[in-house]
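Below, chains carry the letters A, B, ... as their sequence lines are ordered, and counting in each starts from 1.
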Amino acid sequence: MRLSRYFLPTLKETPAEAQIASHRLMLRAGMIRQGAAGIYSWLPLGHRVLRKIENIVREEQDRAGAFEVLMPTIQSSDLWVESGRYDDYGKEMLRIEDRHGRKMLYGPTNEEMITDIFRREVKSYKDLPKNLYHIQWKFRDEIRPRFGVMRGREFLMKDAYSFDLDTESAVRSYNAMFVAYLRTFARLGVRAIPMRADTGPIGGDLSHEFIVLAETGESEVFFDQGFNDFDPMATQPESGTDLQPIVDQWTSLYAATEEMHDPSKAAKTSDRLVQGRGIEVGHIFFFGDKYSKPMKAEVQNAEGASVAVQMGSYGIGVSRLAGAIIEASHDANGIIWPESVAPFKVGLMNLTPKDADCTKACDQLYSDLCKAGVEVLFDDRAVGAGAKFANMDLIGLPWQIALGSRGIKNGIAELKNRATGEKQEVDLATIVAKLAN
RNA sequence: CGGGAAGUGGCGCAGUCUGGUAGCGCACUACACUGGGGGUGUAGGGGUCGCAGGUUCAAAUCCUGUCUUCCCGACCA
């Protein structure tokens with residue numbers, strides 16, 4: 001992409017409303033713009049990041065055996081009356097009336113709707129287990145939205161729902177999501193620690209939150225530093241593998257959010273206990289027949305008896321992750337994208353656009369990189385070199401290529417690693433091969 | 001929902017106390033210079049001061065109401 005043609009409105013100064021790093025940087029880097037409190041538009045750069053996060057989440061859900069669906073944002077109140085949550089949910093649910101006076105709502109979550117879809121179609125234990133997920137916008141009318149996309153009212157969430165015949169099977173479904181989450185967050189370039197969680201208003205008795213460590217995190221967390229030694233990507237589950245040992249390993253060490261923190265249990269880890277702050281990016285629940293029972297989502301078992309299915313739900317805050325990744329990965333100059341979610345892999349800067357030789361070489365390099373399948377943002381604007389460097393650091397692409405008349409004479413470009421700051425002189429003839437992988 | 005702060009060109013702010021022709025920096029437009037870390041100069045364009053009432057000869061400024069946004073707390077993917 002040529003920057004001269006792109007829509008990338010970066011800001012030199014921080015808008016007054018943005019207080020925390022990720023919000024400031026997302027606004028400055030031209031990723032998002034605010035529509036109302038807790039409601040944002042995603043501009044091209046931000047949208048690319050959002051899609052990359054979404055795709056990694058999707059790949060790992062698919063790998064774990066879940067099937068993607070897409071449910072609507074607007075729901076009828078009927079199902080919520082049936083589950084008993086229409087009254088329980090309170091003002092956080094945005095309630096809407098259509099022209100016929102029917103009570104509708106903008107979905108804050110989809111347990112009821114997916115349970116309804118399931119119960120209409122599945123009648124036999126032979127069709128279990130099943131796991132259905134979607135990636136869809138949700139709305140929760142938070143009392144106080146804040147921190148940009150990290151606590152928005154409208155947010156993009158992946159929510160999966162599992163259906164099993166019995167508890168034993170349901171735990172296997174839970175474990176599959178547990179492992180998928182470990183892999184997902186690792187691929188997104190963040191370290192997320194699973195912590196025993198309170199089951200909250202959704203109810204149930206087996207639940208974990210996945211917390212990304214960041215100083216600006218909303219929750220206080222306590223965990224064993226032994227988590228540093230675990231590698232989520234070491235788990236490459238074949239279908240049918242027993243995942244319990246992996247889950248056991250990850251839950252063997254102490255980890256708890258403030259509300260679940262038990263100093264007497266934590267004491268066992270004593271010197272290895274770390275206290276920090278974190279951002280909740282995922283939350284998984286097993287809640288049994290909480291919804292299947294009142295909504296009569298039942299199947300016949302091998303004996304011909306009708307039994308309510310055992311359910312779990314599994315959420316990942318996709319839009320929140322865009323902010324959380326920045327919170328965990330930035331410096332004074334701007335964002336530092338992990339390569340897997342970076343909007344572009346490489347930023348190419350023509351430092352001397354008035355130099356015909358340099359411009360020619362840049363155009364050629366840009367074209368070669370594109371042909372090699374490298375995602376590259378080419379700053380071909382007629383502005384000073386300093387502005388280009390500053391802007392490139394701000395938007396945080398993993399690799400920067402600086403090419404000017406000085407380098408052209410020797411046939412070399414400067415390649416900078418945004419994360420480490422390390423710069424190296426690279427022969428123009430080899431740079432494409434170096435960046436294509 | 002309790003407590004606090006703020007709304008003035010696209011962005012960051014001053015002016016409000018003490019009423020008297022709306023200002024600065026950045027950005028933007030044109031031209032010239034410059035060209036390896038947000039460079040320099042000259043000349044421009046752009047604002048019913050959140051909105052609605054009121055006081056006054058006169059309101060960004062004083063009064064009343066209202067909307068919006070942000071921060072702290074209680075609640076949450």
Checklist entry - When all nucleic acid strands are considered with a 4.0 Å heavy-atom cut-off, which category describes A:D393: base, sugar-phosphate, or nothing? => result base
Item to check | Protein-nucleotide distance (A:L8, atom CG; B:A27, atom C1'), rounded to Å | outcome: 15 Å
Checklist entry - How is A:R33 classified with respect to the nucleic acid when contacts are heavy atoms under 4.0 Å: base, sugar-phosphate, or nothing? => result nothing
Checklist entry - Which is true for A:E209 with a 4.0 Å heavy-atom rule: it touches a base, it touches only sugar-phosphate, or it touches nothing? => result nothing
Next on the checklist: Does the structure show A:F389 stacking with B:G36, if we require the centres to be closer than 5.5 Å and the planes to be within less than 30 degrees of parallel?
Outcome noted: no
Checklist entry - Among side-chain atoms of A:R191 and A:N228, is any donor-acceptor pair under 3.5 angstrom? => result yes
Checklist entry - Should we count NZ of A:K293 as having more than 12 external heavy atoms under 6.0 Å? => result no
Checklist entry - Is it the case that A:H208 and A:Y181 place a side-chain donor and acceptor less than 3.5 Å from each other? => result no
Checklist entry - Roughly how far apart, to the nearest Å, are B:C28 and B:C11 at atom P? => result 15 Å
Checklist entry - Taking any strand in view, what nucleotide pairs with B:U16 in a Watson-Crick or G-U wobble way, both distances under 3.5 Å? => result none
Item to check | A:A37 side-chain proximity, nearest of B:C70, B:A74, B:G35 | outcome: B:C70
Next on the checklist: Rounded to whole Å, how long is the line connecting atom CG of A:L27 with atom P of B:U69?
Outcome noted: 15 Å
Next on the checklist: Using atom P in both nucleotides, what's the gap between B:G23 and B:C49 to the nearest angstrom?
Outcome noted: 14 Å
Item to check | Along RNA chain B (nearest heavy atom to each residue), the more 5'-positioned of A:R140 and A:H23 | outcome: A:H23
Item to check | Closest-nucleotide ordering on RNA chain B, the 5'-leading residue of A:M150 and A:A390 | outcome: A:A390
Next on the checklist: Work out how far the P atom of B:G39 is from that of B:A27, and round it to whole angstrom.
Outcome noted: 6 Å
Next on the checklist: Distance check, P atoms only: B:U42 and B:C26, in whole angstrom units.
Outcome noted: 12 Å
Next on the checklist: Does A:A18 reach a base, just sugar-phosphate, or nothing at all? Heavy atoms under 4.0 Å.
Outcome noted: nothing
Item to check | Distance-minimising heavy-atom pair for A:D116 and A:M295 | outcome: N-CE, 4.3 Å
Item to check | Salt bridge present between A:E54 and A:R48 (N-O < 4.0 angstrom) | outcome: no
Checklist outcome for this item: Considering only heavy side-chain atoms of A:N391, the closest of B:G38, B:G36, B:A77 is B:G38
Checklist entry - Roughly, in whole Å, what's the span from CG in A:L11 to P in B:C26? => result 16 Å
Checklist entry - Of the nucleotides B:C13, B:G38, B:G25, which one has an atom closest to the side chain of A:E13? => result B:G25
Checklist entry - In the structure shown, which nucleotide is the Watson-Crick or G-U wobble counterpart of B:U42, with both distances under 3.5 Å? => result B:A30
Checklist entry - For the residue pair A:Y366 and A:F378, is the inter-centroid distance of their aromatic rings smaller than 6.0 Å? => result yes
Checklist entry - Which part of the nucleic acid, if any, lies within reach of A:V383 when heavy atoms closer than 4.0 Å are counted: base, sugar-phosphate only, or nothing? => result base
Checklist entry - Whole Å only: how far is the CG atom of A:D141 from the C1' atom of B:C1? => result 13 Å
Checklist entry - Does B:U48 pair with anything, Watson-Crick or G-U wobble, both distances under 3.5 Å, and if so, with which nucleotide? => result none
Checklist entry - Taking OP1 and OP2 of B:G37, is either one under 4.0 Å from a side-chain nitrogen or oxygen of A:Q400? => result no
Checklist entry - Rounded to whole angstroms, how far apart are CG on A:D379 and C1' on B:G38? => result 12 Å
Next on the checklist: Under 4.0 Å, counting only non-hydrogen atoms across every strand here, what does A:S405 touch: a base, just sugar-phosphate, or nothing?
Outcome noted: nothing
Checklist entry - Just checking A:A385: base, sugar-phosphate only, or nothing, at a heavy-atom cut-off of under 4.0 Å? => result sugar-phosphate
Checklist entry - C1' atom, B:G53 versus B:G44: distance in rounded Å? => result 39 Å
Checklist entry - Rounded to the nearest Å, what distance is computed from the CZ atom of residue A:R144 to the P atom of nucleotide B:C1? => result 15 Å
Checklist entry - NA contact type, A:A324, heavy-atom cut-off 4.0 Å: base, sugar-phosphate, or nothing? => result nothing
Checklist entry - How is A:P108 classified with respect to the nucleic acid when contacts are heavy atoms under 4.0 Å: base, sugar-phosphate, or nothing? => result nothing
Item to check | Distance, P atom - from B:G19 to B:C62, rounded to whole angstrom | outcome: 9 Å
Next on the checklist: At 4.0 Å (heavy atoms only), tell me whether A:G152 reaches a base, stays on the sugar-phosphate, or touches nothing.
Outcome noted: base
Item to check | Among B:A77, B:A74, B:G35, the nucleotide that comes nearest once only the side chain of A:M157 is considered | outcome: B:A77
Next on the checklist: Taking the ring of A:H261 and the ring of A:F222, is the distance between their centroids below 6.0 Å?
Outcome noted: yes
Checklist entry - If pairing requires Watson-Crick or G-U wobble contacts with both distances under 3.5 Å, which nucleotide is the partner of B:G36? => result none
Item to check | Lys/Arg cation over aromatic A:Y86: A:R95, 6.0 Å, 45° cone | outcome: yes
Checklist entry - Atom CG of A:D380 to atom P of B:G35: distance rounded to whole Å? => result 20 Å
Checklist entry - With respect to the side chain of A:L394, which nucleotide from B:A77, B:G38, B:C72 is positioned closest? => result B:G38
Checklist entry - What integer number of Å spans the C1' atoms of B:U64 and B:U55? => result 11 Å
Checklist entry - Under 3.5 Å, is there a donor-acceptor pair linking the side chains of A:D164 and A:S169? => result yes
Next on the checklist: With a 3.5 Å limit on both atom pairs, tell me what B:A58 is paired to, counting Watson-Crick and G-U wobble, or say none.
Outcome noted: none
Next on the checklist: What's A:G404 touching, base or sugar-phosphate or nothing? Going by heavy atoms closer than 4.0 Å.
Outcome noted: base
Checklist outcome for this item: Among B:C1, B:G12, B:C71, the one nearest any side-chain atom of A:Q19 is B:C71
Checklist entry - Could one point to a donor on the side chain of A:K12 or the base of B:G38 with an acceptor on the other under 3.5 Å away? => result no
Checklist entry - If we call it a pair only when both distances are under 3.5 Å in a Watson-Crick or G-U wobble match, what pairs with B:G2? => result B:C72
Item to check | Interatomic distance at C1', B:G50 relative to B:A6, whole Å | outcome: 11 Å
Next on the checklist: Just the rounded figure in Å: distance from P of B:C75 to CZ of A:F147.
Outcome noted: 15 Å
